[in-house]
Number of protein chains: 2
Amino acid sequence: MNSDNQFLRSGCPIVNGLDIFGDKWTLVIIRDLVCGKKTYSELANSPENIPTNRLAERLKMLEAENMLVREQYQSKPKRYTYVLTKKGRDTLPILQEVAKWGNNYVEGTWTPLKSFMEST
Amino acid sequence: MNSDNQFLRSGCPIVNGLDIFGDKWTLVIIRDLVCGKKTYSELANSPENIPTNRLAERLKMLEAENMLVREQYQSKPKRYTYVLTKKGRDTLPILQEVAKWGNNYVEGTWTPLKSFMEST
DNA sequence: CCATTTACTTGCGATATTGAAGTTACTAGT
DNA sequence: ACTAGTAACTTCAATATCGCAAGTAAATGG
């Protein structure tokens with residue numbers, strides 16, 4: 001399931017958003033990128049412990065969807081940082097609303113930083 | 001994976017929101033309920049064609065999470081409508097942000113009604 | 001009595017996910 | 001030169017979840 005218009009589940013913009021990031025990991029990865037993480041190992045070391053094969057797969061998918069680009073930061077060995085494009089960064093309002101909801105309705109969640117909740 | 005605090009992936013409110021509705025169908029069902037659908041068959045007949053076993057399963061999960069309640073509307077045979085609680089309705093800002101994003105970034109999506117995008 | 005409707009449930013092969021271990025390409029230390 | 005370590009993945013097997021099709025239960029309408 002992707003955003004290639006040949007195979008849309010429907011024309012609904014919600015459905016088409018979910019077909020890209022409607023799973024348990026993709027928005028977690030984007031959360032970390034928004035919060036300043038840049039490398040594979042930083043992303044792999046989140047408290048949620050994403051399996052590394054899932055991380056690699058989702059990063060490729062996000063790159064294919066133009067949500068992020070890889071930027072080389074050293075050559076021997078070749079290493080890349082993952083940086084969100086505008087398309088990727090523009091999921092921030094979604095993350096903020098999910099964070100508000102989780103904060104209101106799931107006990108035991110911590111309050112996100114103001115800098116995260118108020119950035120645009 | 002659920003919101004029972006014994007088994008949180010982490011204390012992150014985003015992660016805990018996603019553990020309830022971070023999949024391809026749950027927010028689609030909530031979208032339809034927000035838009036006025038009430039019965040099982042109305043929900044089953046969305047353009048996305050959710051498999052009926054998935055629909056039944058998600059409705060039970062949403063009820064267990066107190067996102068909706070079942071209300072009996074006839075007795076022979078017993079039939080129920082599904083109605084969102086405040087907890088369920090409060091995902092609307094998330095739906096609205098996802099809709100905005102999908103509208104901006106996925107070609108071929110239709111523009112949601114103002115009544116949907118502006119309701120609170 | 002038979003067809004239809006609503007609301008599910010069951011079975012099953014296909015697909016996706018997890019967790020652990022392995023690989024590649026280097027760097028730094030002894 | 002040898003060994004250890006780190007970053008960034010990949011591979012594999014077991015398990016979980018999915019979508020599809022078909023079946024069931026409880027009525028209603030003709």
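These values consider heavy atoms only, across backbone and side chains, with no hydrogens, waters or symmetry-generated copies. Within every chain, numbering begins at 1; the chains are lettered A, B, ... in the order of the sequence lines, protein sequences first and strands thereafter.
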Would you say Tyr82(B) places a side-chain N or O within less than 4.0 Å of OP1 or OP2 belonging to dC8(C)?
yes
Are OP1 or OP2 of dA7(D) and a side-chain N or O of Tyr73(A) less than 4.0 angstrom apart?
no
Do Asn49(A) and dG19(C) have a side chain to base donor-acceptor pair shorter than 3.5 Å?
no
Between Arg58(B) and dC18(D), is there a contact of a side-chain N or O with OP1 or OP2 at under 4.0 Å?
yes
Short side-chain N/O contact to dT24(C) OP1/OP2 from Lys76(A), under 4.0 Å:
no
Nearest to side-chain heavy atoms of Pro77(A), which nucleotide of dC9(D), dC26(C), dC8(C)
dC26(C)
Look at the side-chain N and O atoms of Trp25(B) and state whether any lies under 4.0 Å from the OP1 or OP2 oxygen of dG19(D).
yes
Does a salt bridge link Glu97(A) with Lys100(A), judged by any charged N lying under 4.0 Å from a carboxylate O?
yes
Could you check whether any side-chain N or O of Thr85(B) sits under 3.5 Å from a backbone N or O of Met67(B), counting only pairs where one atom can act as donor and the other as acceptor?
yes
Proximity to the side chain of Arg79(A) - top-ranked nucleotide from dC9(D), dA8(D), dT9(C)
dA8(D)
What contact category does Gln74(B) fall into here, base, sugar-phosphate, or nothing, at under 4.0 angstrom with non-hydrogen atoms?
nothing
Before accepting this row, confirm whether a basic side-chain N of the pair Glu57(B)/Arg54(B) lies closer than 4.0 Å to the acidic partner's carboxylate O.
yes
Close residues, residues 35-45 of chain B, relative to DNA chain D [heavy-atom separation under 4.0 Å]
none
Ignoring hydrogens and angles, state whether a donor on the side chain of Thr81(B) or Glu71(B) is under 3.5 Å from an acceptor on the partner side chain.
no
Side-chain heavy-atom pair Arg58(B), Met61(B) within 4.5 angstrom cut-off:
yes
Between Thr109(A) and Asn16(B), a side-chain donor and acceptor under 3.5 Å:
no
Output yes when at least one side-chain N/O atom of Lys60(A) is less than 4.0 Å from OP1 or OP2 of dT10(D), else no.
yes
Among the candidates dT10(D), dC26(C), dA21(D), find the nucleotide nearest to the side-chain atoms of Asn53(B).
dA21(D)
Round to a whole Å and report the spacing from CD1 of Ile50(A) to C1' of dA20(C).
16 Å
